[in-house]
J.: 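Mind looking over this structure? Questions follow.
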Amino acid sequence: MASTLASTTSATNREAIYLALMSIPAGNVITYGQLATLAGLPGAARLAGTVLCGLPENTELPWHRVINAQGKISLPPDSAAYKKQWQRLQAEGVEIKNGKINLRIYGYNN
DNA sequence: TTATTGACATAAC
DNA sequence: TGTTATGCCAATA
């Protein structure tokens, strides 16, 4: 049932991304591709990124748990959002080694 | 309506 | 290991 998540609703794909993101527990991270797949949109990793980029600053969605397939934060290292994401991840127990996160350990659905 | 761009992924070379 | 090409969805020009 949770395999397609939101695929049974009238939600737009953008909203499906929101729902999928909500299902990620603290202490875990997920890649854009997995997030899209979880939302029922395999291959639409780009949409995941586009959607997160449009999130308001006061959103409650755990956008910081989304990283790229390389286990790195897909944001300019000098941006404030980058640091904030980094800090939030560590606060949830995600250990970051040399700027990279071990998806084998912290990856969701892994 | 078509073209371009964007917090990406995967395969092929 | 790094570069190139293709796919996907939405927003904007």
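Protein chains get the first letters and strands the later ones, always in sequence-line order, with residue 1 at the start of each.
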J.: In this structure, how many angstroms lie between the C1' atom of B/dA9 and the CD1 atom of A/Ile30, rounded?
T.: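 Taking atom C1' of B/dA9 as the reference, CD1 of A/Ile30 is at 13 Å.
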J.: Which residue lies toward the 5' end of DNA chain B, A/Ile67 or A/Thr50, if each is placed at its nearest nucleotide?
T.: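 Counting from the 5' end, the first nearest nucleotide belongs to A/Thr50.
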J.: Nearest-Å distance, CG (A/Leu103) to C1' (B/dA9)?
T.: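 Going from A/Leu103 (CG) to B/dA9 (C1'), I get 13 Å.
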J.: Please state whether the base of B/dA7 and the side chain of A/Tyr32 form at least one donor-acceptor pair under 3.5 Å?
T.: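 For A/Tyr32, whose side chain was compared with the base of B/dA7, there is a donor-acceptor pair (under 3.5 Å).
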J.: Between B/dA7, C/dC8, C/dA10, which nucleotide has the shortest distance from any of its atoms to the side chain of A/Ala44?
T.: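 Nearest to the side-chain atoms of A/Ala44, counting from C-beta on, is C/dC8.
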J.: Looking at every strand, decide which applies to A/Ala69 at a 4.0 Å heavy-atom threshold: base, sugar-phosphate, or nothing.
T.: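 It contacts sugar-phosphate atoms only.
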J.: Roughly how many Å is it from CD1 in A/Ile17 to C1' in B/dG6, rounded to a whole number?
T.: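 The answer, rounded to whole Å, is 14 Å.
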J.: Do A/Leu52 and A/Leu21 come within less than 4.5 Å of each other through their side chains, counting heavy atoms only?
T.: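 SC-SC contact between A/Leu52 and A/Leu21 confirmed.
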J.: Could you state the atom-to-atom distance from NZ of A/Lys84 to P of B/dA7 in whole Å?
T.: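 So the NZ-P distance, A/Lys84 to B/dA7, works out to 19 Å.
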J.: Looking at the side chain of A/Leu47, which of B/dA9, C/dC9, B/dA7 is the nearest nucleotide?
T.: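 Of the options given, the side chain of A/Leu47 lies nearest C/dC9.
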J.: Would you classify A/Gly43 as touching base, sugar-phosphate or nothing, given that sugar-phosphate means primed atoms plus P, OP1 and OP2, and contacts are heavy atoms under 4.0 Å?
T.: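 Base contact.
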J.: Checking A/Gln87 against A/His64: is there a side-chain donor and acceptor pair closer than 3.5 Å?
T.: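 Checked: A/His64/A/Gln87 side chains show no N/O donor-acceptor pair below 3.5 Å.
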J.: Taking only the side-chain heavy atoms of A/Arg46 (C-beta and beyond), determine which of C/dC9, B/dA7, C/dC8 contains the nearest atom.
T.: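 Given the options C/dC9, B/dA7, C/dC8, the side chain of A/Arg46 is closest to C/dC8.
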J.: Is there a side-chain contact between A/Asn68 and the phosphate of B/dA7, meaning an N or O under 4.0 Å from OP1 or OP2?
T.: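 Checking A/Asn68 against B/dA7: no side-chain N or O falls below 4.0 Å of OP1 or OP2.
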J.: Within the 4.5 Å heavy-atom criterion, are A/Ser74 and A/Tyr32 side-chain neighbours or not?
T.: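 Yes, side chains in contact.
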J.: What's the spacing between A/Ser23 OG and A/Asn28 CG if we round to 0.5 Å?
T.: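 The OG atom of A/Ser23 sits 10.5 Å away from the CG atom of A/Asn28.
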J.: Using purine N1 to pyrimidine N3 plus N6-O4 or O6-N4 for Watson-Crick, or N1-O2 and O6-N3 for G-U wobble, both under 3.5 Å, which nucleotide pairs with B/dT1?
T.: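 Looking at the geometry, B/dT1 pairs with no nucleotide.
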J.: Any idea which of B/dA9, B/dA7, C/dA11 is nearest the A/Thr31 side chain?
T.: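 Out of B/dA9, B/dA7, C/dA11, the nucleotide with an atom closest to A/Thr31's side chain is B/dA9.
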